[in-house]
Amino acid sequence: MTRIFLSPPHVGTRERELLLDAFDSNWIAPLGPHVDAFEDDLAARVGVAHAAALSSGTAGLHLALRLLGVAAGAEVWCSTLTFAATANAIIYVGASPVFVDADPATWQLDPALLAEALVDRRRTGRLPAAVVVVDLYGQCADYDAILPVCAEHGVPVIEDAAEALGATYRGRQAGSFGQMAVLSFNGNKILTTSGGGALLSDRGDLVERARFLATQARDPAPHYEHSEVGFNYRLSNLLAAVGRGQLAGLDDKVAARRRVNARYREGLGDLAGIEFMPEAGYGTPNWWLTCLTVDAEAFGASVTDIRLALDAADIEARPLWKPMHLQPVFGGCTALGGGVANQLFAHGLCLPSGSNLAPADQDRVIGIVRACHQR
Ligand SMILES: *Cc1c(COP(=O)(O)O)cnc(C)c1O
């Protein structure tokens with residue numbers, strides 16, 4: 001039996017054909033026709049006017065903060081329950097992250113807590129330069145509650161949709177919220193280019209400037225002329241070709257991950273002490289990862305017992321993201337609440353959720369979790 005991974009890449013013949021096309025056309029140079037086409041396809045799919053293909057989602061977050069002019073010493077607020085890249089990008093621009101707790105009803109950034117804190121900060125005169133809102137595990141945050149409040153205080157929003165491509169919120173696609181949104185095509189995400197990302201926005205000036213900064217900020221001149229510090233953040237033509245193939249299969253991949261989620265709920269939902277990540281009801285999650293929490297007393301085994309039992313069977317499962325306010329590297333940073341995220345981290349688990357997870361393999365996972373309960 002082979003190891004069952006949490007979220008392995010899932011590529012097909014279309015990706016292979018497009019990659020070979022890029023190779024054979026000798027567009028090995030970083031930019032090329034597949035980059036342009038991938039950007040057009042992405043913007044069309046998400047329903048935004050413009051997209052810039054980048055080397056990673058992290059690069060996209062960094063550029064988004066730069067484009068907003070976030071300066072050293074400013075505060076940027078973000079979800080505490082997220083992957084470190086969200087917070088790292090805030091450090092890259094010299095700003096200080098402030099971590100906002102999760103809403104237990106959705107596991108997403110808590111809109112009520114955010115609204116309260118913004119009112120409070122307005123009184124004391126120190127509003128954040130931006131808020132980075134994460135769409136966690138493939139479910140959108142509650143934008144109808146978040147965006148008007150941020151707009152009222154003049155605080156721009158960046159959507160970190162790295163985990164959420166293909167999810168919807170009230171009929172709109174993830175990646176279309178805030179001033180700018182960021183996607184990731186890392187190897188474990190819903191689509192992969194092995195590594196890659198994108199910055200999306202309806203504002204053409206921002207996306208144009210993202211491309212400029214991402215290509216070493218080269219001024220128009222026959223020689224190499226630079227009046228700003230740039231970055232080497234563009235996606236290569238070879239990887240964009242893979243991305244185009246992946247994007248054509250997005251609907252199938254979302255459907256497959258949602259089937260995996262439904263099957264876990266069916267196979268484990270009857271067990272006392274197990275609660276799945278709640279579905280908010282305001283949209284369709286892509287269920288990038290299927291996550292649950294375990295009440296050890298009711299279930300009869302702890303979340304660690306389950307993870308170790310799966311590991312012993314060569315099955316990869318992981319705790320939820322460790323909240324940023326608990327990370328040693330962000331030890332000195334402010335947190336707004338944090339108790340909800342702490343509880344989720346203490347009791348949560350991500351199960352293998354790949355769009356290519358075979359039903360027989362998923363049955364093995366379900367069987368092992370059930371066996372922990374019966375012990
Ligand atoms: C994966 C991820 C990122 C970073 O994307 P990369 O392409 O790996 O740089 C950022 N934010 C979140 C929430 C992620 O899950």
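Note that ligands are numbered from 1 as they come in the structure, with each ligand's atoms numbered from 1 the same way.
Atoms of ligand 1 found under 4.0 Å from any heavy atom of Thr82 (numbered from 1 in listed order, with element): 13 (C). Residue-ligand proximity, Ala162 to ligand 1, at heavy-atom distances under 4.0 Å covers atoms 2 (C), 3 (C), 10 (C), 11 (N), 12 (C), 14 (C). Less than 4.0 angstrom separates some heavy atom of Ser56 from each of these atoms of ligand 1: 7 (O), 9 (O). Less than 4.0 angstrom separates some heavy atom of Ala85 from each of these atoms of ligand 1: 3 (C), 4 (C), 10 (C).
Interatomic distance, Leu357 CG to Asp363 CG, rounded to the nearest 0.5 Å: 9.0 Å. With rounding to the nearest 0.5 angstrom, the CG atom of Asn286 is 9.0 Å from the CG atom of Leu191. One finds the OG1 atom of Thr106 at 10.5 Å from the CG atom of Asp135 (value rounded to the nearest 0.5 Å).
Using a 4.0 Å cutoff on heavy atoms, Gly196 counts as a contact of ligand 1.
Between Phe83 and Trp321, the ring planes are tilted. Angles from 30° to 60° get that label. Note: His373 and Phe299 have tilted aromatic rings, judged against thresholds of 30 and 60 degrees for the angle between ring planes. Note: Tyr233 and His62 have perpendicular aromatic rings, judged against thresholds of 30 and 60 degrees for the angle between ring planes.
The heavy atom nearest to atom 13 (C) of ligand 1, considering only Lys189, Glu163, His62, is found in Glu163.
In this structure, the protein non-hydrogen atom closest to atom 5 (O) of ligand 1 is Ser184 OG, 3.2 Å. For atom 11 (N) of ligand 1, the closest non-hydrogen atom on the protein side is Asp160 OD2, 2.8 Å.
Ligand 1 has no N or O atom lying under 3.5 Å from any N or O atom of Trp321, backbone or side chain.
Side-chain atoms of Asp101 come within 3.5 Å of backbone atoms of Gly338 as a donor-acceptor pair (strictly under, hydrogens ignored).
For Thr58, heavy-atom contacts with ligand 1 shorter than 4.0 Å involve the backbone as well as the side chain.
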